[in-house]
There are 2 protein chains.
Amino acid sequence: MSDRFYYGNVLILCLLLFSKKNNFKDKLLIMINFKRSVNCGGCNDCNMKSPLFSLLNEEELALVNKDRFEVSYRPGEMIFKQGTASTHILMLTSGLVKLYLEGYNGKNLILKVVKPHQMFGGRGLFYDNRNYYTAASLDNTTVCFVNVENFKKCVRTNPDFAEKFIEHLNRTSVYILSRFVDLTQKQMPGRVADALLYLANDIYESNPFKVTLSRQDFAEMTSLSKESFIRILKEFKDEGLIVMNGDFIEIAKMDALKKISQVG
Amino acid sequence: MSDRFYYGNVLILCLLLFSKKNNFKDKLLIMINFKRSVNCGGCNDCNMKSPLFSLLNEEELALVNKDRFEVSYRPGEMIFKQGTASTHILMLTSGLVKLYLEGYNGKNLILKVVKPHQMFGGRGLFYDNRNYYTAASLDNTTVCFVNVENFKKCVRTNPDFAEKFIEHLNRTSVYILSRFVDLTQKQMPGRVADALLYLANDIYESNPFKVTLSRQDFAEMTSLSKESFIRILKEFKDEGLIVMNGDFIEIAKMDALKKISQVG
DNA sequence: AATTTTGATTGATTTAAATCAATATGTTGA
DNA sequence: TCAACATATTGATTTAAATCAATCAAAATT
């Protein structure tokens, strides 16, 4: 655990001790007893960081915590595969994960990138408990596995939790719908612009940003061939829209790129 | 109301009077007091026909029934529009409805076709209560509008209902995901085959079937231009895969068409 | 019945993007 | 340090599908 991370935690602790929000004192007691790991301090971490898990009460939190476990992955490793049984809801503790559909002739389609403290998996929940996409690490990554049966119990006992979970499902769906239109109707420059804006603004939340995606990943994200993606990227570079430096990409003309994204 | 429909109802009534399933006697009492219309006998109809609404108890059913109303549409009429507030969950009582995304330059993308006793709307539920697609009638259609606040109350009070609703959301999502891959990876013949198989097997559930979709609708369903769709359809006809007669299409070689769908 | 309008069909042409092929650059491992 | 391999880039060519332009057929309107 880095020093920065440690001091950050201490700061949050102090702030919360003086606030009455979320029954902090009670939660503190549970926290001390929870299993801890390198990457998180038990479900209380999520309880504070995730708008979903913060809705659980002590008892529910303990239930979720009971069977949870963490796994680390190196870049490129698969976390779960499309078609297999969905036995856990996953929470990304650190790193970056890609969710993709395995299509025809070995062609994949990256649906979205997951960043820390976001949930994934569970699309088959209450349906047929299967995974409908594959998840793979893009980085050194740690993932927390929450038993799906325990999760389901919480959905049943806690209406706020159920509502928030439905919100999560719908938010993801709505995002996928927007990508659906983008990939079927925009042409190459618009789709490449979308991918760059998505990474800078939503995923890495910095500009310039260091990409851990391969060109192949980018291609699967924009539903283009690798070569076509590279060509458009080069055009953007030649036009001064972006600056590339090693693994870093900087969006130099944000407004111009947004315009390309909108025009399609 | 047609005679066939009437006798069908009487038959169901008799069968249920002798069964102990679903507290039928209690429900009968409510039924008599419920608002009735040409197309349905109040929410009890749904209570019997929909796997979702059949999970509601008397009280919840009465709540849902309180503010519900029915509207009829002629072919082509819009039911709700993408971007507007989602104030109701809708249940199709008769006819056929297309759900489509409004994309760029007036191009639409038909997500799915809804058939009677299926629910639609509510994708923005618990999220931002907006409609993320447009719904329009493909036929003479009647739709039952259920107040979204009443629906939400049922989700909170009835965990079985909540679970079934999540199942519905996930089932739809999973279908959309499969279409996502199909439309971005298959080429024209595969997509046209998909559309024909979908209509015959899932929507009209008959072969031959009478199409109420225009060529433009087909194009928006396959993400092709109208002309390209027509060309492939003609190819299929020339090859004897399908037989066309007026508004009717018959899939003559089901296995061959399925093969084309799979190959892409 | 004649006319206008709308939707469906067919053909010719253009365009976007994939594929194929070659080269370059970077990484890993002996 | 250099080979072996993977990944990235660039160029030439092909292909799939859109667009453009007519024509045809079927409704709707006068």
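So that the names make sense, note that chain A is the first sequence line, chain B the second, and so on, each numbered from 1. Only a predicted model underlies this, so the values are computations on that prediction, with no experimental measurement involved. Values reported hereafter were calculated over all heavy atoms of this structure, with side chains retained and with hydrogens, waters and symmetry mates removed.
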Between atom [atom1] in [X] and atom [atom2] in [N], what is the gap in whole Å?
| X | N | atom1 | atom2 | result |
| --- | --- | --- | --- | --- |
| A:K234 | C:dA24 | NZ | P | 14 Å |
| B:E235 | C:dT10 | CD | C1' | 13 Å |
| B:F229 | C:dG7 | CZ | P | 16 Å |
| B:L233 | D:dA17 | CG | P | 16 Å |
| A:I230 | C:dA18 | CD1 | P | 12 Å |
| B:D238 | C:dT9 | CG | P | 12 Å |
| A:Q216 | D:dA6 | CD | C1' | 13 Å |
| B:R215 | D:dA27 | CZ | C1' | 16 Å |

Between [X] and [Y] (salt bridge meaning N to carboxylate O under 4.0 Å), is one present in this structure?
| X | Y | value |
| --- | --- | --- |
| A:E235 | A:R231 | no |
| B:K259 | B:D255 | no |
| B:K81 | B:E102 | yes |

The side chain of [X] lies closest to which of these nucleotides: [options]?
| X | options | value |
| --- | --- | --- |
| B:E227 | C:dA17, C:dC20, D:dA21 | D:dA21 |
| B:Q187 | C:dT10, C:dA17, D:dA16 | D:dA16 |
| A:K226 | D:dT19, D:dT9, D:dA16 | D:dT9 |
| B:S225 | C:dA18, C:dC20, D:dA18 | D:dA18 |
| B:S228 | C:dA17, C:dT9, D:dA18 | D:dA18 |

* Asked: Is the phosphate of D:dA17, meaning OP1 or OP2, less than 4.0 Å from a side-chain N or O of B:K186?
  ->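 False: B:K186 side-chain N/O out of range (4.0 Å or more) of D:dA17 OP1/OP2.
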* Asked: Taking for each residue the nucleotide of DNA chain C with the nearest heavy atom, is it A:D247 or A:R191 whose nucleotide lies nearer the 5' end?
  ->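 Between the two, 5'-proximity favours A:R191.
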* Of B:L213 and A:P189, whose closest DNA chain C nucleotide lies nearer the 5' terminus? ->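 It is B:L213, whose closest nucleotide lies nearer the 5' terminus.
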* Indicate, with a heavy-atom threshold strictly under 4.0 Å, whether B:K107 touches base, sugar-phosphate, or nothing. =>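 Answer is sugar-phosphate: B:K107 comes under 4.0 Å of backbone atoms only.
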* Asked: Contact class for B:S223 vs. all strands (heavy atom < 4.0 Å): base, sugar-phosphate, or nothing?
  ->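 Sugar-phosphate: the residue B:S223, judged by heavy atoms under 4.0 Å, touches backbone atoms but no base.
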* With no hydrogens and no angle check, do the side chains of B:D194 and B:S261 hold a donor and an acceptor under 3.5 Å apart? ->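 Yes, side-chain donor-acceptor contact under 3.5 Å.
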* Does B:R231 make a side-chain donor-acceptor contact with the base of D:dT19, cut-off 3.5 Å? ->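 Check passes, donor-acceptor contact within cut-off.
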* Is the backbone of A:C144 close enough, under 3.5 Å, to the side chain of A:R68 for a donor and an acceptor to pair up by distance? ->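 Flag not set: sc A:R68 to bb A:C144 has no pair under 3.5 Å.
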